[in-house]
Every structure is written in C-alpha cells, then in structure tokens.
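Excluded from the calculations below are hydrogen atoms, water molecules and symmetry mates; all remaining heavy atoms, backbone and side chain alike, are included. Order of listing sets the numbers, starting from 1, for every ligand and every atom in it.
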Amino acid sequence: MTKTLLLVISILCFCSVFAQEKLMTNAFNREATSLNGYWNYIVDPYENGFYNYRYEPFENQKNPVNGAFFTNSKRKDKSDLIEYDFDKMDSLKVPGDWNSQKEKLFYYEGTLWYKKSFDYNKSNDTNRVFLYFGGSNYKTDVYFNGKKLGQHIGGFTPFQFEITELLKPKQNFVIIKVDNKRIKEGVPTLNTDWWNYGGLTRDIKLIETAETFINDYSIHLNQKNNQQIEGEISLNGSNKINSQVTVEIPELGIKKKFKTDDSGTCKFNFITNRIEYWSPNSPKLYDVILSTNEDRITDNIGFRTIETKGPDILLNGENIFLKGISIHEENPINGGRSNSYEDAEQLLKWAKSLGCNYVRLAHYPHNEYMVRMADKMGILVWEEIPVYWTISWENENTYLNAQNQISEVIDRDKNRASVIIWSMANETPTSNLRTNFLTKLAKFTRNKDKTRLISAALEQQNYNDDPNTRTIADPFADVVDILSFNQYIGWYDGGIEKCKTINWKITHNKPVMISEFGAGAKYGLNGDKDDRWTEEYQEFLYQETLKMIDKIEQLRGVSPWILVDFKSPRRVLPEIQDNFNRKGLISEKGEKKKAFFVLKNYYESKN
Ligand code: GCB
C-alpha cells in the first residue's frame with residue numbers, strides 16, 4: 001500500500017471518530033434521567049478486556065468472546081471460564097475523576113472500564129432516547145447492551161449517542177472504556193502544567209425526546225443591529241421538513257412562527273426595541289421558548305453585542321475593561337476536577353469578590369455549570385481549547401482533533417451571552433506549521449460563530465533586540481481580534497525590580513490583554529518581599545506588574561495566573577509545592593493570600 005493511501009485511510013478512520021451525531025443544543029435543560037452515581041469499575045492497564053492475546057480488538061470479532069469486557073458476561077455454567085465480574089467490583093462516583101477518589105489511582109494514566117445497569121420505560125413509544133456525556137477524559141469507547149455505540153476523543157466537551165433501537169425496559173447495561181493516556185499527537189499533548197484527571201468527569205444522562213425534536217438552535221442579537229434578534233433552528237426526525245416552529249420570548253411580548261425548509265432548518269430574524277441588554281452590571285436573561293407540534297424547550301438567553309474598534313473592546317457599544325482572573329477546573333476544597341453547580345458557584349463567587357467582571361477558563365473547556373453560572377452572575381468569559389505548548393502541528397489528525405474540540409464547545413455554549421472570546425491556543429512556539437494550524441482553526445471558528453471574538457495566549461519578545469522593550473512579534477497576532485499574551489517578568493524572567501525597567505511597544509492597533517502573569521506563594525509563608533514563595537513576594541510582584549502593564553496604552557484587560565492553587569505533576573518542591581502550582585491568589589483550602597487584595601484594589605480603581 002502506498003504511503004498516501006495509508007494516510008487517506010487513517011484520516012478517514014479518524015474523521016469517523018469525529019463524525020458524531022450532531023450534538024443537541026441545550027441538553028442541559030432537556031428532561032433527562034441522570035446516570036450519575038456509583039458505577040462499578042475495572043482498572044485495565046494492559047487493555048486485557050479490549051484485546052485478545054494476539055492483540056486484536058475483541059470488538060472487531062464477529063462473535064466477541066466472553067472475555068471482551070463490553071459483553072458483561074456472567075458464568076452460566078459452573079464450567080464456564082470468565083475472568084472478570086463487574087458486579088463484584090468496587091465502584092467510582094460519576095461524575096468524578098478517578099485520581100482523587102482512590103489513592104491507588106492518583107497517578108494512574110491508562111484504561112479503566114465503567115459499568116452501570118438500569119431499567120427504563122419510555123413515556124411514549126415513538127420517543128427517542130440518547131445517552132449524553134458532559135465530558136470524559138480522554139478517549140472514550142461506549143458500549144450499550146453489548147453493542148458498540150462509538151468512540152469520542154477529547155477530554156472536555158460533550159458527546160451523545162442515540163440508543164433508541166437498543167433500549168429495553170429492563171436490565172440495560174452501559175459499559176464505557178475510558179483511556180486517559182497522554183499521547184504526543186493528542187490535544188493536549190504529552191506535556192501540560194495541570195493534573196491529567198481521568199474518567200467520567202462530567203454528568204451522564206439519558207435524554208428522551210419526541211420522534212422529531214428541536215436538535216439545534218442559536219439565537220442572538222444581530223451584531224450590527226442591536227434591535228434585531230436573529231437565529232437558526234434545526235429539527236431532527238422524520239417530520240423535520242416544512243414543519244412549524246414557534247419562538248416565544250414572553251417578557252418581550254414576542255411570539256413568532258416560522259417554517260423549516262427541505263433540510264429541516266429555519267433561519268429567522270425579527271425586530272424588537274425593548275431589549276434590556278445583558279452586561280456584567282445587569283445580567284438580564286430572558287426565557288426563550290421554542291416549540292413545534294411535538295417538542296418544546298426553554299432556555300435562558302441574554303442579548304448583547306461584542307466587538308473591537310481599534311484598541312477598544314465594546315460591549316453593547318460601550319468601552320469595557322476586562323477585570324479578570326484565570327481559573328482551572330479544579331474543586332477548590334475537595335480536590336479533583338470540579339463539576340457541579342456548587343463548585344461553579346464557589347469559584348465564580350471568589351472571582352466576583354476579587355472585583356472581576358471577566359474570567360479566563362484555562363486551558364480547556366470547563367463544565368457547563370461554569371458558563372451557565374457566568375451568564376447568571378454577569379461575568380464575561382474566555383473559553384479555550386487545550387492547544388497548549390508543543391502540539392504536533394504537522395499532524396492532520398491533531399488538527400482535526402483541535403477543530404472538533406472547538407466545534408463541540410461552540411455547539412454547547414453558542415447561546416451563552418457571557419462567552420465573548422474563543423481562544424485558539426496557549427503559549428505555542430512560532431513556526432509556519434503552527435501559524436497555519438492556528439490560522440485554519442481561527443477561520444473555522446469565525447465561520448461557525450460570527451458573534452464572538454478570537455484570541456490566543458501568545459508570548460512576548462524583545463523589540464529590536466532591546467531586552468528592556470517588549471513587543472508581540474508573532475504572525476498570529478495579525479489574525480486575532482484581541483492581542484493577548486502571557487508574561488512572567490519577576491518570576492521566570494528576572495527579579496521583581498525588572499518590572500520597573502520594561503517598556504512596551506505594541507505595533508498592532510488592537511486591544512491588548514495580559515492573559516497571564518503571576519508568582520508562586522505558599523499561603524501563610526511570610527518573609528521579605530524578595531523571598532521567593534512568600535506571600536510578600538507574590539504581593540510585591542502584583543504591585544509592580546500592575547504598574548508596569550498600566551503603561552501599555554492599549555491595555556483593555558488582564559487575567560492573572562491564577563485564582564486558586566491547583567495540582568500539577570510538574571510542581572514537586574517539598575514543603576512548598578507538594579504537587580501544587582502555588583500561583584493561586586487563594587490556597588487550595590480557600591485561604592486568601594495577600595496578593596488577592598492588591599488585585600482587588602486595582603480592579604476597584606478601574607471603575
Ligand atoms: C504558563 C502556562 C500555565 C502555567 C503557568 C505557570 O505560562 O500558560 O499553564 O501553569 O505558566 O505557572 O508556569
């Protein structure tokens with residue numbers, strides 16, 4: 001076989017992984033039966049339940065043997081040989097990463113199988129049922145009643161499979177193989193500064209819909225005319241064509257009817273001049289009700305415009321300075337990946353108490369509670385995909401993986417007013433391959449979502465070889481709407497006194513945002529302001545950095561690194577780090593460090 005043919009075949013195989021069913025919009029508010037709770041599990045580092053001893057996948061066999069874990073086989077006869085039994089195994093809580101639930105799995109990176117059984121009665125015979133995952137890290141193979149439903153790649157975005165045909169009233173079983181091994185070609189790649197939490201980390205549910213249901217919609221303001229609401233609705237099912245769809249916004253006195261076209265879609269727009277616009281000061285959300293003969297769904301949607309003009313960011317036509325903080329998706333008090341209403345509330349309340357009107361959700365799409373809560377609390381959001389550091393730019397599958405992740409997070413969050421920025425990448429080394437990769441990704445993103453801004457956390461360079469003058473000399477700066485960059489002067493780059501000597505020369509007429517700066521400090525460790533790891537060092541670095549960046553004329557926002565200390569395998573210094581990145585303004589126990597108050601004062605002064 002020629003090399004090209006092999007490449008084509010491998011791309012086709014990989015594409016099929018991403019050819020998921022179109023994700024249903026607003027699964028969050030659909031009637032559902034939760035499959036959260038305790039699931040039995042088997043740790044399988046050799047993937048013994050997946051491959052036979054010739055290393056051929058059981059799932060490719062015509063009649064998979066009992067040894068294939070997804071068959072969930074039981075001994076029927078006393079002479080039967082079956083070397084596993086899910087029902088006798090220990091259990092893990094879902095949603096939840098395995099690392100923080102079982103000490104022996106703290107460092108585990110590999111395959112683990114989950115199993116859950118359930119009975120299910122549909123409320124109507126013709127209804128359809130979907131198995132919906134909020135997210136699972138990293139590669140997930142899903143089997144239902146002994147049949148493979150499909151595979152999903154990417155640890156932070158939702159996916160779904162229809163199970164209507166396989167579902168029975170009694171004794172259904174779902175078996176899920178989750179593999180969180182890091183791979184070079186992955187997104188993220190091998191190297192990250194955060195914990196590689198594995199498992200079914202987000203909610204799982206069964207969603208029952210009418211035979212023809214409202215599958216997808218987006219509703220927003222026309223970004224050039226804030227009196228016009230526009231959108232698109234698509235149906236799925238045998239009656240999708242030429243069907244009537246009603247859009248209601250009771251508070252605005254709106255009730256409009258539209259007809260779907262031959263593809264089951266309708267595009268619409270209408271004028272309304274009574275809208276109260278969504279903003280951090282007034283996070284107004286409207287109940288929006290969509291209905292057809294068979295289906296009805298409600299969402300809470302805010303209406304706003306966002307654009308840039310020269311160096312300004314305009315929200316609803318008015319200048320805004322983004323007073324932000326970066327956040328990892330980690331449970332502040334109990335440890336592990338966060339995924340609950342309460343976790344989101346805790347993290348965003350801290351951000352609010354810091355005076356923030358904006359958060360950077362680093363370095364991957366966070367769970368949906370975060371953006372729903374941000375909508376309610378009036379916090380603007382930067383969302384990001386894990387195109388982090390040294391991605392395999394030359395690899396077509398890596399690109400498709402990244403594109404799929406941004407596509408899935410847009411599908412999930414396109415109706416959230418709080419989300420204003422899609423970030424393409426973080427601190428990626430410049431090269432032609434990388435710039436082509438990111439430019440293609442930005443083009444895809446703009447095409448898919450014309451109502452938000454594009455950015456990336458870039459790096460800074462010396463201007464004309466002068467170490468005291470810094471600039472952004474990255475070709476991707478030409479592509480972004482907001483010029484964001486990380487800088488660590490005073491931490492990785494000299495001592496704090498260096499902040500006084502640096503000047504900035506920004507050559508693009510775009511808003512500038514400092515997407516990261518910071519210093520590590522152990523809560524309760526006190527000393528001089530030049531003693532590394534003390535709260536005083538971190539406090540002083542914040543004071544000097546804020547003075548330094550205020551000299552940048554186009555500065556329109558900042559999201560220092562980071563709200564809370566978080567787990568990272570790269571941070572091993574005993575007694576100080578102990579597996580935590582200590583750049584949090586709050587410790588992992590919820591204690592506020594001195595620098596928290598420096599930033600709070602700064603944000604107060606920006607009012
Ligand atoms: C960075 C990265 C972030 C790290 C941080 C650090 O530039 O973007 O992921 O955690 O620095 O603490 O070094």
Undergrad: Which protein heavy atom lies closest to atom 10 (O) of ligand 1, and at what distance to 0.1 Å?
TA: Asp193 OD2, 2.5 Å
Undergrad: Using heavy atoms and a threshold below 4.0 Å, how should the contact between Ile562 and ligand 1 be classified: side chain, backbone, both, or neither?
TA: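 It is neither part, as no heavy atom is under 4.0 Å.
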Undergrad: Tell me whether Arg446 is salt-bridged to Asp449, with the criterion being a basic N under 4.0 Å from an acidic carboxylate O.
TA: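 Result for this pair is no, no salt bridge flagged.
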Undergrad: Go through the side-chain N and O atoms of Gln403 and Tyr399 and say whether any donor and acceptor fall under 3.5 Å apart.
TA: yes
Undergrad: Under a 3.5 Å threshold, yes or no: a donor from one side chain and an acceptor from the other, between Glu384 and His363?
TA: yes
Undergrad: So is Phe566 close enough to ligand 1, meaning a heavy atom under 4.0 angstrom away?
TA: yes
Undergrad: Which pairs would a plain distance check flag for residues 519-530, meaning a side-chain donor or acceptor within less than 3.5 Å of a matching protein atom at least two apart in sequence or in another chain?
TA:
residue	atom	partner	partner atom	Å
Lys522	NZ	Glu575	O	3.4
Asn526	ND2	Glu536	OE1	3.4
Asn526	ND2	Glu536	OE2	2.9

Undergrad: Considering only heavy atoms of His363, which atoms of ligand 1 have at least one such atom less than 4.0 Å away?
TA: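 Near His363, meaning under 4.0 Å from one of its heavy atoms, ligand 1 has 3 (C), 8 (O), 9 (O).
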Undergrad: Quick one: do Asp493 and Lys498 satisfy salt bridge (charged side-chain N to carboxylate O under 4.0 Å, His left out)? Show the steps, please.
TA: CA-CA 8 Å; Asp493 178 355; Lys498 194 166 177 179; 2.5 Å; yes
Undergrad: Which residue from Tyr488, Trp561, Tyr492, Trp389 reaches closest to atom 13 (O) of ligand 1 through any of its heavy atoms?
TA: Tyr492
Undergrad: Counting only heavy atoms closer than 4.0 Å, does ligand 1 sit against the backbone of Arg571, its side chain, both, or neither?
TA: side chain
Undergrad: Closest non-hydrogen protein atom to atom 12 (O) of ligand 1, residue and atom name please, with distance?
TA: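 That would be Lys583 NZ, 2.5 Å.
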Undergrad: Do Arg532 and Trp491 meet the cation-pi criteria used here (NZ or CZ under 6.0 Å from the six-membered ring centre, within 45° of the axis)?
TA: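 Yes; both conditions hold, so Arg532 lies above the ring face of Trp491.
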Undergrad: Is Asn426 touching ligand 1 with its side chain, its backbone, both, or neither, if touching means heavy atoms under 4.0 Å apart?
TA: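 Within the 4.0 Å criterion, Asn426 contacts ligand 1 through side-chain atoms alone.
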Undergrad: Which ligand 1 atoms are under 4.0 Å away from a heavy-atom of Asn486?
TA: 7 (O), 8 (O)
Undergrad: Can we say Glu383 and Arg416 salt-bridge, meaning some charged N sits less than 4.0 Å from an Asp/Glu carboxylate O?
TA: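 No, no charged N to carboxylate O under 4.0 Å.
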Undergrad: Given the ring of Tyr603, does Lys606 sit roughly above its face, with NZ or CZ under 6.0 Å from the centre of the six-membered ring and within 45° of the axis?
TA: no
Undergrad: Out of all atoms in ligand 1, which are within 4.0 Å of some heavy atom of Asn581? Include the element for each.
TA: 6 (C), 10 (O), 12 (O)
Undergrad: Would you tell me which option among Glu459, His328, Gln487, Glu516 has the nearest heavy-atom contact to atom 8 (O) of ligand 1?
TA: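 Going through Glu459, His328, Gln487, Glu516 one by one, Glu516 has the nearest heavy atom to atom 8 (O) of ligand 1.
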Undergrad: Identify the closest protein heavy atom to atom 7 (O) of ligand 1: which residue and atom is it, and at what distance?
TA: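 Minimum-distance protein heavy atom for atom 7 (O) of ligand 1 reads Glu427 OE2, 2.3 Å.
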